[in-house]
Number of protein chains: 2
Amino acid sequence: MSSTERRQQIVSRAAGLFDKTGYSSTTMDDIAKEVGVAKPTLYHYFPSKDDILHAIHEEFIDLLIDRHEARSETGLRAEQLLLEVMADILELMETHRGHVRVFFEHHRELPAEARGPIKAKRDRYERIVEDLIAAGVESGVFRQADPHLAALATFGMCNWAYQWYRPGGALRSRELAYQFWNYLVYGLGTDQLTPATARAVPPA
Amino acid sequence: MSSTERRQQIVSRAAGLFDKTGYSSTTMDDIAKEVGVAKPTLYHYFPSKDDILHAIHEEFIDLLIDRHEARSETGLRAEQLLLEVMADILELMETHRGHVRVFFEHHRELPAEARGPIKAKRDRYERIVEDLIAAGVESGVFRQADPHLAALATFGMCNWAYQWYRPGGALRSRELAYQFWNYLVYGLGTDQLTPATARAVPPA
DNA sequence: GAAAACCGACCCACTGGTCGGGAAATTCCT
DNA sequence: AGGAATTTCCCGACCAGTGGGTCGGTTTTC
């Protein structure tokens, strides 16, 4: 096993344990055992536990950004791109469960120096989705809505799934993305609800 | 200060710290200091740190359930009840930030005996929302949709807000609930999207 | 005067990280 | 090619700080 392979292995096994047990409840010995190696060996690949956490964060957000960018030249319309983004996120819950939970729950545990760069990438990705929604509004496929808020709603639907989604279940991640996209784009309501009034002001 | 008041105070201060620093990174000394008391005194009110965690969980889910039940006799229609549920959740992010984060992120840290009862209540609340959506489908205000999935989408939008919502911000929780409810019920799409085809099958 | 509330000092298991050295693979030299 | 030199990879044993929890006792309240 090459050096980079082992490094990779440590990251993904650690992510799995953090997912199962949480970051602080997982010890370096746990990780070492899971990898099949003694604790000091871990320190040959990572200077500290926090650096493993950092590697997980970086790997995850890079995956998301890369997937989107690989698609950005295809000329898909805004609503289609939105579906693909949702599918990206949900797919990573199949393939990178540990990364997802760590990325969402353990960013506060990141060492101070690492937080900045990660947050920058996170913001960049949020910005991508906002811009995408804004483009949809511009082109007329989405109604007038605050892109920031709509992006947060989208992320909410998808990101929250890490709390309940289990890979082996009945629903493949892509189908799930499609259902959620459907709720978001077409809404749950029928014609029996009167859009004009309902969209105005919240009832007290 | 009465005994129950102090108990209450410990719970809410602890929740605040857990929110800020995370459960395992917060020490009993931290909590004691925050409450203005010495560590052993905490053990006069709670047998262990885990029991504080448990108290937070219970308080939170009870709040949600109670609020819904207080409303269940009012004869509101399904879509209105759904809005109220969303508003409940988001309001607790203003008034009980710590509880929210703890409830969502630290259920795995609960001692084994406590997990069961809490999960039962959690399931009960999820069931309430599912039934509410099912009733809306039944009465024709919501289109044919899987109530379970639609509930998960709803929870996603609202629950995820604990990650970014800050009480002092521009948006009051009720307005936010209304915006999200609007997205969910009416959708983001305009007439330029063709509902019939789009709702069918996910594109490969 | 007894029960409830409170605390300083202590204990000890646990865990992130280190140390010094041993095996295994690579490179270098002749 | 073959053996020495060096780097890479690996580990058993240890260290020191931390933090949940306890003990024995004092103060406050009723």
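All values reported here derive from a predicted model rather than from experimental measurement. Throughout, protein chains are lettered first and strands after them, A, B, ... in sequence-line order, and every chain is numbered starting at 1.
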### Task
Could I get the full list of ring pair (Phe, Tyr, Trp, His ring centres under 6.0 Å) partners for A/Tyr162, not counting sequence neighbours?
A/Phe104
### Query
Does a sphere of radius 6.0 Å around CD in B/Glu69 hold more than 12 heavy atoms from other residues, nucleotides or ligands, not counting ones at 6.0 Å or beyond?
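Yes, enclosed.
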Please write out the pairs of protein N or O atoms and N or O atoms of nucleotides 11-18 of chain C separated by less than 3.5 Å, giving the distance to one decimal.
| unit_1 | atom_1 | unit_2 | atom_2 | d |
| --- | --- | --- | --- | --- |
| C/dG16 | OP1 | A/Lys49 | NZ | 3.1 |
| C/dG16 | OP2 | A/Met28 | N | 2.6 |
| C/dG16 | N7 | A/Lys39 | NZ | 3.0 |
| C/dG17 | OP2 | A/Tyr43 | OH | 3.2 |
| C/dG17 | OP2 | A/Lys49 | N | 2.9 |
| C/dG17 | N7 | A/Lys39 | NZ | 3.0 |
| C/dG17 | O6 | A/Lys39 | NZ | 2.6 |

### Leading and trailing nucleotides of DNA chain D with any atom under 4.0 Å from heavy atoms of chain B
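Contacts span D/dG19 to D/dC23, reading 5' to 3'.
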### Query
How about A/Glu109 and A/His54: does a side-chain donor come under 3.5 Å of a side-chain acceptor?
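No.
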### Query
Looking only at side chains, do B/Glu105 and B/Tyr23 share a donor and an acceptor under 3.5 Å apart?
no
#### Entry: Note: A/Lys33-A/Asp29 ion pair, threshold 4.0 Å (strictly below)
no
### Message
What is the distance, to the nearest angstrom, from the CZ atom on B/Arg6 to the C1' atom on C/dA4?
### Response
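It works out to 13 Å between those atoms.
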### Task
Take B/Glu138 and B/Arg143 through the test salt bridge (Lys or Arg N to Asp or Glu O under 4.0 Å) and record every step on the way to the result.
CA-CA 9 Å; B/Glu138 190 71 23; B/Arg143 66 181 164 96; over 6 Å; no
### Task
Using the salt bridge (charged side-chain N to carboxylate O under 4.0 Å, His left out) rule, pick out the option among B/Arg97, B/Arg174, B/Arg67 that qualifies with B/Glu91.
B/Arg67
### Message
Run the side chain to side chain contact (heavy atoms under 4.5 Å, CB included) test on B/Thr21 and B/Asp30 for me, step by step, so that the C-alpha distance in whole Å, both residues' side-chain angles and the decisive distance to 0.1 Å come before the verdict.
### Response
CA-CA 10 Å; B/Thr21 331; B/Asp30 291 338; 6.0 Å; no
